[in-house]
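For reference, the structure is listed below as structure tokens.
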2 protein chains.
Amino acid sequence: MAGVTIYQVAREAGVSPSTVSNFLNGRPGRMLPQTRARVEAAIDQLGYRPNRAARQLRTGRIQVIGLVVPSVANPFWGNFARYLERAALADGYHVLLCNSEREPDRELRYLEELWGDGIRGVVLCSSLPSLEHVLPLVERGLGLVAFDRTAQAGDPPALVNISVDNVVGAHLATAHLLQLGHRRIAFVSGSLRSINRRERFRGFTNAFEQAGLDPAEAIIWSGNAEDEPYGDLDAAGLGRSAARDLLHGPDRPTAIVAINDMCALGVSAGVRDAGLRVGRDVSVVGFDDIVLADLAAPPLTTVRQPIADMATAAFRHLLARIEDPDGGPSQSLLLRPELVVRASTGPAPDPLE
Amino acid sequence: MAGVTIYQVAREAGVSPSTVSNFLNGRPGRMLPQTRARVEAAIDQLGYRPNRAARQLRTGRIQVIGLVVPSVANPFWGNFARYLERAALADGYHVLLCNSEREPDRELRYLEELWGDGIRGVVLCSSLPSLEHVLPLVERGLGLVAFDRTAQAGDPPALVNISVDNVVGAHLATAHLLQLGHRRIAFVSGSLRSINRRERFRGFTNAFEQAGLDPAEAIIWSGNAEDEPYGDLDAAGLGRSAARDLLHGPDRPTAIVAINDMCALGVSAGVRDAGLRVGRDVSVVGFDDIVLADLAAPPLTTVRQPIADMATAAFRHLLARIEDPDGGPSQSLLLRPELVVRASTGPAPDPLE
DNA sequence: TAGCCTTGCTGCATCGTTCCACCAGTAAAT
DNA sequence: ATTTACTGGTGGAACGATGCAGCAAGGCTA
């Protein structure tokens, strides 16, 4: 418990604790160079490190932000967490990790606890349609950056949204398939409760319309009813069973748009389960471009999210909020995704074959 | 900054702050039932939540543990992080996330910062052979649970090690291949600097010896020199280039043991790059059993680590250390892994074919 | 009835920082 | 000569919770 305090440093340097404190955070220019040097010397001779708890108690500030993700076990979120942590670290911030498992009440409980811990900024990766439940926290002053979710009417004020343009992304993916000659295309997702899922769905139908086709011809698979558990881990399982459902009929789709890469990998597995070849008999396209997309067999065509940029932006905006809680209005940052074509998609198979 | 303090609760309940404090953590039995009821009512009427900073300042305790992993972008660590967080949450603890990227100095800097934050317990996922660099911290009282690493001579005292039995695991994997008739087997790993890699290598050679074969016949691929960057993300890339190196010669191996699943997925991709079929021309076996192992094409034969159990155990041991820093000697917990046979391994191809 | 224990509660110093108010000394302005 | 301004500091009251020492009131023993 060897805690070196500011008093010991002060005594060592022959100044008052106030001066040491000034050196540490007030204005280091507010003293003679010789004094500053003595303080500096004392600090690293004693190996002094400020006690964060005391500092926090006094100032109300704490150098920690919260990160609430559905589940860090999903490589997409793991990757995001890593980049966010990197950005935070560069400014001396730490990241407290929370897995909501997509349960709204858990999400709320986390936020309340974080608030109670003195944390004033959280990156919330919730794609729940409504953020109403966190409104009280935001009103009390919690800085919130919503990731992977675009602005909605009824959102709390002063909310920053950061997301990829899901409509564009899904459009890219779908147009790619249409261009390859596919017509019987399925859209596979869990329930469409979340915003980004709905947006991706919109991009999907848009692409049909733009090609002069009727979206009603598309096949929509979104699980059985609204009540299925749709954790992120199960995205793969979901895709797999979707593929099974879709492929055993006579009028099976020749291409499948999956809601994300994990789901797409599940779909691919399901395609193989059905004795078909991915990229030849059935084209599959994902969303996210997780590391494993390139490693899959065949490598997965997918829509890449610029995740490093997004993580950095998320932190920067959050920091701005924390430092100036009343600063600026709500805003949204929408990044443009990019289609990465690999081998899981190919020309539509000849129907006569 | 709407902070309800213990004083307001005390006034509301008509008692002293001390009594409220006693109710909260001292002995709630130390007061009349009626008093207790009044305090309780006041607390949830005002929505009081203790200020953790103040509590920490006073007691020196904080309900946060640190988690240092190579990189949470790796699904294995992401999954571990999730289970650890779950276990911690059940006891009211939060988890601070740190990605070391396998850089020793970064690891140390993190530990020092965590200590400075008042954190007294850390789960360290470092497989550096020596833990010497953290010795000063441990001596000052930092509770340390080393994960994915077995005990070494020269380890700090009071260290708890939790790991899977890597020797047994690699043995299982290798024996499985030998039994399938493979003889030209390659072992693919990054540099063998880390302990678990060495252990897995030992299990690999053991299996050869036990089968009455000469381990010298095996092919060892461990990157080029000791200085290659071996982040966890690159495990996949590593495997891929290993496969390329190994498979273009005339005397190519018929089976490959990869150091972990990410690496194995990379190897599989490399096998395909070479125009060969995984599980038929070349068998591949991994280690960890990440979610994606089952989704790969073909599904990956691998050695499963009981990760949920390990995460729970890690937290339990850490908690015990924190609560009683001088409690008990160093100990190691070695869990038994399990071979999961899938389709990436098959009989050795007929040499005449 | 004096002495002592027990129960149920309160007073208060304390943890390590911060930061506002103040102060002594010197210099420049009036 | 007095006021004003600035420089380079110091003093000390918070921040909110804790937990020891202490105290009043009642009960028990001798």
Side-chain angles (χ1 to χ4, degrees), chain A residues 1-40 42-43 46-64 92 115-120 141 323, chain B residues 1-40 42-43 46-64 92 113 115-120 141:
Chain A
M1 193 67 80
V4 180
T5 78
I6 207 170
Y7 286 90
Q8 304 176 31
V9 174
R11 191 169 343 125
E12 180 76 19
V15 295
S16 77
S18 305
T19 300
V20 179
S21 176
N22 279 333
F23 170 81
L24 289 170
N25 34 62
R27 288 127 276 270
R30 275 283 179 230
M31 64 197 65
L32 292 180
Q34 2 167 354
T35 312
R36 176 163 57 243
R38 285 212 316 282
V39 172
E40 212 159 358
I43 284 178
L46 296 174
Y48 167 76
R49 299 185 63 94
N51 179 316
R52 293 225 197 188
R55 175 175 278 180
Q56 185 196 343
L57 178 58
R58 186 60 239 252
T59 65
R61 280 177 252 126
I62 182 176
Q63 303 263 94
V64 175
W115 175 266
D117 285 2
I119 289 170
R120 293 297 171 261
E323 283 173 352
Chain B
M1 192 66 79
V4 180
T5 78
I6 205 170
Y7 289 89
Q8 303 175 31
V9 174
R11 190 168 345 125
E12 179 77 20
V15 297
S16 78
S18 303
T19 300
V20 180
S21 175
N22 279 333
F23 170 80
L24 289 171
N25 33 63
R27 287 126 275 271
R30 275 281 177 232
M31 64 196 67
L32 293 180
Q34 2 167 354
T35 312
R36 176 162 58 243
R38 284 213 316 280
V39 172
E40 212 157 358
I43 285 179
L46 296 174
Y48 167 76
R49 299 184 64 93
N51 178 316
R52 293 224 196 188
R55 177 177 277 179
Q56 184 197 342
L57 179 58
R58 187 60 237 254
T59 63
R61 280 175 252 126
I62 182 178
Q63 302 262 94
V64 175
E113 272 181 42
W115 175 266
D117 286 2
I119 289 170
R120 293 298 171 261

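Quick note: numbers below take in every heavy atom, side chains included, and nothing from hydrogens, waters or symmetry partners. From a predicted model like this one, the values you see are computed outputs, not experimental measurements. Per chain, numbering begins at 1; letters A, B, ... match sequence-line order.
Remark on DNA chain C: of its neighbouring residues B/R58 and B/L32, the 5'-side contact belongs to B/L32, judged by nearest-heavy-atom nucleotide. A residue-by-residue look at A/R30 and A/S18 shows that A/R30 has its nearest nucleotide of DNA chain D further toward the 5' end. Each of B/M31 and B/A54 was matched to the nucleotide of DNA chain C holding its nearest heavy atom; the match closer to the 5' end belongs to B/M31.
A/R58 CZ to B/L57 CG: the interatomic distance, rounded to the nearest 0.5 Å, is 12.5 Å. A/R49 CZ to A/I6 CD1: the interatomic distance, rounded to the nearest 0.5 Å, is 14.5 Å. With rounding to the nearest 0.5 Å, the separation of CD1 in B/I119 from CZ in A/R52 is 9.0 Å. To the nearest 0.5 Å, atom CG of residue B/L24 and atom CZ of residue B/R55 are 6.5 Å apart. Between B/F23 atom CZ and B/M31 atom CE the span is 7.5 Å, to the nearest 0.5 Å.
Residue A/L57 contributes atom CG, which lies 17 Å from atom P of C/dT14 at whole-angstrom precision. Rounding to whole angstrom units, CG of residue A/N51 and P of D/dC15 are separated by 18 Å. One interatomic measurement links the two molecules: CG of A/N22 to C1' of D/dT10, which rounds to 10 Å at whole-angstrom precision. The CD1 atom of B/I6 sits 12 Å away from the P atom of C/dT10 (whole-angstrom rounding). The nearest whole Å value for the distance from the CZ atom in B/F23 to the C1' atom in D/dA17 is 15 Å. Spacing between atom CZ of A/R52 and atom C1' of C/dT18 amounts to 16 Å, rounded to whole angstrom units. Between the CG atom of B/D117 and the P atom of C/dT17 there is a distance of 13 Å, given to the nearest Å. The separation between A/R38 atom CZ and D/dG8 atom C1' is 12 Å, rounded to whole Å.
For D/dT10, one of the phosphate oxygens OP1 or OP2 lies less than 4.0 angstrom from a side-chain nitrogen or oxygen of A/T19. Contact check, A/R61 against C/dC19: a side-chain N or O comes under 4.0 Å of OP1 or OP2. For C/dT18, the OP1/OP2 oxygens have a side-chain nitrogen or oxygen of A/N25 closer than 4.0 Å. For B/Y48, a side-chain nitrogen or oxygen approaches OP1 or OP2 of D/dA17 to under 4.0 Å. Residue B/T5 has no polar side-chain atom (N or O) positioned under 4.0 Å from OP1 or OP2 of D/dG16. Applying the 4.0 Å criterion to OP1 and OP2 of C/dC19, one finds that A/S21 has every side-chain N and O outside that range.
Counting non-hydrogen atoms under 4.0 angstrom, A/V15 reaches the backbone sugars and phosphates but no base.
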